Amino acid sequence: MRTADLRRPVVVLALASAAFLPAGCSSSSSSSPSSSSTAPAASTAPAAPDTIIIQNFAFHPASLTVQPGAKVTVTNEDSTTHTVTATGAKAFDTGDVAPGKTVTFTAPTTAGAYAYICSIHQYMQGTLTVS
Ligand SMILES: [Cu+2]
């Protein structure tokens with residue numbers, strides 16, 4: 001018979017103190033219009049733009065497919081300068097991309113597979129496919 005365990009005066013104290021909390025809590029936040037009607041719905045805008053990341057002396061992804069004339073973003077996350085330079089017809093060339101910098105170039109408008117390299121480290125190779 002442990003009837004003493006059923007007595008919980010702590011609960012009564014907690015309820016009583018909680019009743020005092022909201023009193024006088026005026027944070028003066030009555031000027032926010034909070035209208036969420038301007039958010040555009042999920043449209044045709046691509047979530048992931050055409051992006052080439054340069055990291056550890058390599059292009060990521062090594063093979064990227066974009067639409068004709070697409071804006072391609074190049075981010076150099078290495079600690080040395082790189083380029084994205086099309087081989088052959090020189091269809092595109094970012095020039096020097098300093099460490100930590102982001103540049104863009106325009107993809108060719110003619111469909112095809114365009115091999116590119118880093119003109120500084122020519123063993124770095126990638127392919128930009130326009131289709
Ligand atoms: Cu390089």
Side-chain angles (χ1 to χ4, degrees):
M1 301 307 177
R2 301 184 302 174
T3 57
D5 290 343
L6 297 177
R7 303 194 304 184
R8 301 284 174 85
V10 177
V11 175
V12 178
L13 288 175
L15 287 173
S17 61
F20 289 109
L21 286 177
C25 185
S26 64
S27 59
S28 71
S29 63
S30 61
S31 61
S32 61
S34 72
S35 65
S36 62
S37 62
T38 57
S43 61
T44 58
D50 300 322
T51 301
I52 297 170
I53 305 291
I54 304 174
Q55 199 173 47
N56 295 325
F57 292 83
F59 301 110
H60 303 280
S63 183
L64 178 67
T65 299
V66 301
Q67 297 196 338
K71 278 273 193 293
V72 181
T73 300
V74 178
T75 298
N76 181 5
E77 296 188 353
D78 265 349
S79 56
T80 188
T81 298
H82 295 295
T83 77
V84 172
T85 305
T87 60
K90 295 288 183 184
F92 50 87
D93 185 359
T94 62
D96 289 353
V97 183
K101 294 293 187 182
T102 296
V103 303
T104 61
F105 69 88
T106 302
T109 55
T110 303
Y114 297 83
Y116 64 85
I117 60 172
C118 170
S119 64
I120 302 171
H121 317 94
Q122 300 191 1
Y123 56 87
M124 296 172 59
Q125 298 179 342
T127 302
L128 183 74
T129 299
V130 176
S131 67

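Residues: numbered from 1 along the sequence shown. From a predicted model like this one, the values you see are computed outputs, not experimental measurements.
Residues meeting the side-chain hydrogen bond (donor to acceptor under 3.5 Å, both in side chains) test with Thr81, sequence neighbours left out: none. Partners of His60 under the side-chain contact (heavy atoms from CB on, under 4.5 Å) rule, at least two apart in sequence or in another chain, are Ile53, Gln55, Ala58.
Judged by distance alone, with hydrogens and angles left aside, the side-chain atoms of Asn76 form no donor-acceptor pair with the main-chain N or O of Gly100 at under 3.5 Å. For the pair Asp96 (side chain) and Ala98 (backbone), a donor-acceptor distance under 3.5 Å is absent.
Looking at Ile117 and Gln122, their side chains come closer than 4.5 Å, going by heavy atoms from C-beta outward. Contact annotation: the side chain of Phe92 never approaches that of Val74 to less than 4.5 Å [non-hydrogen atoms, C-beta and beyond]. In this structure the side chain of Val84 reaches within 4.5 angstrom of the side chain of Ile54, judged on heavy atoms.
Taken to the nearest 0.5 Å, the CG atom of Asn56 stands 5.5 Å off from the CG atom of Asp78. For the atom pair Lys101 NZ and Thr94 OG1, the distance stands at 14.0 Å (nearest 0.5 Å).
In terms of heavy-atom proximity, Lys71 sits nearest to Asp50 at O-CB, 3.8 Å. When all heavy atoms are compared, the tightest approach of Pro108 to Leu128 is CD-CD2, 4.1 Å. Taking each heavy atom of Thr65 and Ser131 in turn, the nearest pair found is CG2-OG, 3.5 Å. Here the shortest heavy-atom pairing between Ile52 and Tyr116 reads CD1-OH, 3.5 Å. The two residues Ser119 and Thr83 come nearest to each other via the heavy atoms N-OG1, 2.8 Å.
Using a 4.5 Å cut-off between side-chain heavy atoms of Ile, Leu, Val, Met, Phe, Trp and Tyr, with links allowed through other members, Phe59 and Tyr123 fall into the same hydrophobic cluster. Under a hydrophobic-cluster definition in which Ile, Leu, Val, Met, Phe, Trp and Tyr are linked whenever side-chain heavy atoms come within less than 4.5 Å, directly or via other members, Phe57 and Val97 are assigned to the same cluster.
The residue from Thr129, Val66, Val130 that alone fulfils the side chain to side chain contact (heavy atoms under 4.5 Å, CB included) condition with Tyr114 is Val130.
No more than 12 heavy atoms of other residues, nucleotides or ligands sit less than 6.0 Å from atom CD of Gln67.
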